[in-house]
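One structure below.
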Amino acid sequence: MKTQQYDYDVMFIGAGHGSDGAVMLNKHGYKVAKIEAEKVGGTCTNWACNAKIVLDGPVKLSRTHEQLKDIVQGDLRLSWEQNMAHKHEVIDPLADGMEKKFTGSGIDVLHGWAKFVDNHTVEIDGKTYTSDKFVIATGLHPHQLDVPGKEYAHDSKDFLDLNPLPKRMTVIGSGYIGMEFATIANAFGSEVTVLMRGDRVLRQFNAEYVDEVVQDMTERGVKFIKNATVSEFTQENNHYIVHYDDGKTVETDWILDATGRVPNTSGYGLDELGIHYSDKGIQVNGKMQTNIDNIFVAGDVADTTYPKLTPTATHHSNYIAHFIMGDTKDDMKPFVVPTVTFTSPRIAEAGVTVAEAKADREKYDILESDVTGDWFRKVNEDKIGKQTLVFDKAGHLVGATEVSEEAENFINAVLPAIALKLERDQIEQIVPLFPSIMHEGWKKL
Ligand SMILES: Cc1cc2nc3c(=O)[nH]c(=O)nc-3n(C[C@H](O)[C@H](O)[C@H](O)COP(=O)(O)OP(=O)(O)OC[C@H]3O[C@@H](n4cnc5c(N)ncnc54)[C@H](O)[C@@H]3O)c2cc1C
Ligand SMILES: NC(=O)c1ccc[n+]([C@@H]2O[C@H](COP(=O)([O-])OP(=O)(O)OC[C@H]3O[C@@H](n4cnc5c(N)ncnc54)[C@H](O)[C@@H]3O)[C@@H](O)[C@H]2O)c1
């Protein structure tokens, strides 16, 4: 129900993808504001997904060139400086562009740090605003290793603005950020060492496919050090020393601390209001409400079982918009979140994982294939390409995983079948264009 009682119907704290639902609310006549302390678009747009994918672009190109060097002849030289300049050209205008689009359509954008005064009021730089409802979408910040010399280490945001690229780079952590940035830095000629806390990288992905990626990166010169406990960073002349285990060291020019990200839950009044949270984020019920029912949570800062990714943030936010508009009174329905790590090759997956399927053969059938022999994959002579499809016993596709240069496209192509649990006659109604990755995938369903 819209209200005349407050300045706004809904205020979003944080203007990343967790605030995407503002557009729908605004279209339906709700008075909406986004509050942003840094840049409109938040982390993904300015300091993560978009920026990274621009820097990653030439990695795939250079690999394809390597594979087709008899056809595309001559040497290829990648320029980090030009790549970084291109990134700025593509990414820097986005925040202003988005802001103009929002304000042009009637969504207010308020700049500054929001802090709750009470459950209907926030203060931004000494000025108060009231709202019927709030959506907290404040995201995460980088975890920082707590070791002596931690000030010598950098985070993902620093890497995405790094220029020039250092000759030697040491990455601590081998999750998404560690592996993606190691891939980019290696392709542009930096000598990369990855220090792993355990003995597996990218633990959330199919181990067999991860091994393919690690082997390939190793052949390209990336050094992986397993089971390393980092104890200190020191500076020596114009370089740094990473100390690990008992007395072991790596000499380096730049240190990336990629040891995870932590929810933004402090400094804006959660404790004062009594909102419940933990180190996993702000606690929510099935309707994405906090323990104060006019305050909702969307995106990375929400403590849900879904991976903390952009599609999750958008989905949370749109669900909240529908709930506020009264389109549904139900809890958010379970949804499938596809995920990809932009290494080279990539690994992407959606739905039931290979590990889950292998653990329950009574419930699932598994179709594994090496796709490098498929004529369409031979176009670029890709050397790594494996795929696992998981079906339930009734024959519905319920999960898919691929390692290849096209993995994210393949997973997106089969995603509708997984997300909607399509029946045979529905699958046959969809006729993908040819030749395409989707055509190749769809005929296997
Ligand atoms: C390096 C990197 C690469 C990534 N790559 C991918 C990818 O390829 N694909 C993918 O799906 N996901 C990726 N992610 C994850 C993705 O960026 C996040 O899932 C997404 O940004 C979450 O959106 P959000 O709105 O919840 O949070 P954010 O985008 O973090 O937005 C939160 C916003 O809230 C603002 N804020 C915080 N507190 C306040 C306050 N009190 N007042 C006002 N404003 C406040 C912050 O300034 C920030 O802009 C990546 C993340 C990183 C770090
Ligand atoms: N392609 C994508 O979708 C993408 C890309 C980048 C980031 N992200 C998102 O960003 C977030 C953060 O990514 P991330 O890679 O920082 O986190 P992550 O959780 O994927 O990886 C963290 C890594 O740091 C290691 N680690 C943790 N504590 C450590 C310690 N004390 N010493 C040594 N190693 C330690 C972990 O073992 C792990 O390898 C994730 O939520 C992810 O969803 C997504």
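Whatever order the structure lists ligands and atoms in, that order sets their numbers, starting from 1.
For ligand 2, the atoms sitting less than 4.0 Å from at least one non-hydrogen atom of F342 are 1 (N), numbered in the order shown with element in parentheses. Shown in contact with K308 at under 4.0 Å from a heavy atom are these atoms of ligand 1, numbered in order with element: 19 (O). Per-residue contacts place P311 under 4.0 angstrom from the following atoms of ligand 1 (heavy atoms of the residue considered): 11 (O). Against a heavy-atom cut-off of under 4.0 Å, G175 is close to the following atoms of ligand 2: 15 (O), 20 (O), 21 (O), 23 (C), 38 (C), 39 (O). Those atoms of ligand 1 with a heavy atom of G299 less than 4.0 angstrom away are 26 (O). Close contacts between ligand 2 and L145 involve ligand atoms 30 (C), 31 (N), 32 (N) [criterion: under 4.0 Å to a heavy atom]. For ligand 1, the atoms lying closer than 4.0 Å to a non-hydrogen atom of R261 are 53 (C). For ligand 2 and L309, the ligand atoms under 4.0 Å from any heavy atom of the residue are 3 (O), 43 (O), 44 (C). Close approach of ligand 1 to G18 is summarised as follows: ligand atoms under 4.0 Å from at least one heavy atom of the residue are 24 (P), 25 (O). Counting the atoms of ligand 1 from 1 in the order shown, those under 4.0 Å from a heavy atom of I35 are 43 (C), 44 (N). Each of the following atoms of ligand 1 lies closer than 4.0 Å to a heavy atom of F181: 1 (C). Interface atoms of ligand 2 facing R261, defined by a heavy-atom separation under 4.0 Å, are 10 (O), 11 (C), 12 (C).
Under a 4.0 Å N-O distance rule, the pair E368/K386 does not qualify as a salt bridge. D96 has no carboxylate O lying under 4.0 Å from a charged side-chain N of K100, or vice versa, which leaves the two without a salt bridge. A salt bridge between E406 and R377 is absent, with no side-chain N of the basic residue lying under 4.0 Å from a carboxylate O of the acidic one. Salt-bridge formation is not detected for the pair K383/E212: no Lys NZ or Arg NE/NH1/NH2 atom is positioned less than 4.0 Å from an Asp or Glu carboxylate oxygen. Ion pair K167/E191 flagged as a salt bridge, since at least one NZ, NE, NH1 or NH2 atom sits closer than 4.0 Å to an Asp/Glu carboxylate oxygen. Taking a cutoff of 4.0 Å between a charged side-chain nitrogen and a carboxylate oxygen, K34 and E99 do not qualify as a salt bridge. The residues R63 and D216 are annotated as salt-bridged, a charged nitrogen and a carboxylate oxygen being separated by less than 4.0 angstrom. Salt-bridge annotation for R346 and E180: absent, with no side-chain N of the basic residue lying under 4.0 Å from a carboxylate O of the acidic one.
Nearest to atom 42 (C) of ligand 2 among the protein's heavy atoms is Y176 CD1, 3.6 Å. For atom 33 (C) of ligand 1, the closest non-hydrogen atom on the protein side is E36 OE1, 3.6 Å. Regarding atom 35 (C) of ligand 2, its nearest protein heavy-atom neighbour is T259 CG2, 3.6 Å. What sits closest to atom 2 (C) of ligand 1 on the protein, heavy atoms only, is A48 CB, 3.2 Å. The single protein non-hydrogen atom nearest to atom 36 (C) of ligand 2 is R197 NH2, 3.8 Å, given as residue, atom name and distance. Protein heavy atom in closest approach to atom 29 (O) of ligand 1: T43 N, 2.9 Å. Taking atom 25 (C) of ligand 2 as the reference point, the nearest protein heavy-atom neighbour is G173 CA, 3.9 Å. Atom 41 (O) of ligand 2 has its closest protein heavy atom at K308 O, 3.6 Å. Among all non-hydrogen protein atoms, the one lying nearest atom 9 (N) of ligand 1 is C49 SG, 3.8 Å. Of the protein's non-hydrogen atoms, A313 CB, 3.9 Å is the one closest to atom 23 (O) of ligand 1. For atom 11 (O) of ligand 1, the nearest protein heavy atom (residue, atom name, distance) is T310 N, 3.1 Å.
Heavy atoms of F342 approach ligand 1 to within less than 4.0 angstrom. Note on ligand 1: V301 sits outside its first shell, no heavy atom being nearer than 4.0 Å. The shortest separation from a heavy atom of F159 to ligand 1 is not under 4.0 Å, leaving the residue out of contact. In this structure, V340 is part of the shell of residues with a heavy atom less than 4.0 angstrom from ligand 2. Remark: distances from the non-hydrogen atoms of S174 to ligand 2 include one below 4.0 Å. At least one heavy atom of K52 lies less than 4.0 angstrom from ligand 2.
Distances from atom 37 (C) of ligand 1 to the heavy atoms of I53, T341, T138 show the closest one on T138. The heavy atom nearest to atom 41 (N) of ligand 1, out of those in A114, P142, G269, is found in A114. In this comparison of A37, S19, A137, the heavy atom closest to atom 32 (C) of ligand 1 sits on A137. Summarising the contacts of atom 23 (C) of ligand 2 with A258, G178, P142, P338, the nearest heavy atom is found in A258.
Among the atoms of H17, some N or O lies under 3.5 angstrom from an N or O of ligand 1. Taking distance alone, with nitrogen or oxygen atoms compared against 3.5 Å, D300 approaches ligand 1 more closely than that limit. Residue-to-ligand polar distances place E180 within reach of ligand 2: an N/O pair is separated by less than 3.5 Å. Close N/O approach between H143 and ligand 2 is not found [any backbone or side-chain N/O within under 3.5 Å]. The N/O atoms of I172, backbone and side chain alike, include none that comes under 3.5 Å of an N/O atom in ligand 2. Residue G260 has at least one N or O atom closer than 3.5 Å to an N or O atom of ligand 2.
Closest approach of S278 and Q283 over heavy atoms only: CB-NE2, 4.0 Å. The minimum heavy-atom distance linking T312 with Y306 is given by the pair CG2-CB, 3.6 Å.
Not one N or O on the side chain of D108 forms a donor-acceptor pair closer than 3.5 Å with the backbone of T103. N186 places no side-chain N or O within donor-acceptor distance of the main-chain N or O of V192, the cut-off being under 3.5 Å. In terms of modelled atom types and a separation under 3.5 Å, the side chain of W113 and the main chain of G267 share a donor-acceptor contact.
Of the heavy atoms in F116, none comes closer than 4.0 Å to ligand 1. Counting heavy atoms closer than 4.0 Å to ligand 1, residue T45 contributes nothing at all. Of the heavy atoms in K52, only side-chain atoms (C-beta onward) come closer than 4.0 Å to ligand 1.
Side-chain contact annotation: H141 with N264, donor-acceptor N/O pair under 3.5 Å present.
Put simply, the side chain of V171 does not reach to within 4.5 Å of the side chain of F181, judged on heavy atoms.
Atom NZ of K444 sits in a crowded spot, with more than 12 heavy atoms from other residues, nucleotides or ligands closer than 6.0 Å. The environment of E219 atom CD is dense: over 12 non-hydrogen atoms of other residues, nucleotides or ligands sit within 6.0 angstrom.
Among the candidates D330, D331, D293, the single residue satisfying the salt bridge (charged side-chain N to carboxylate O under 4.0 Å, His left out) test with K287 is D331. The side chain to side chain contact (heavy atoms under 4.5 Å, CB included) with F323 is formed by just one residue from the set Q289, M332, M288; it is Q289.
F335 and H316 have perpendicular rings, their planes meeting at more than 60° on a 0 to 90° scale where under 30° would count as parallel.
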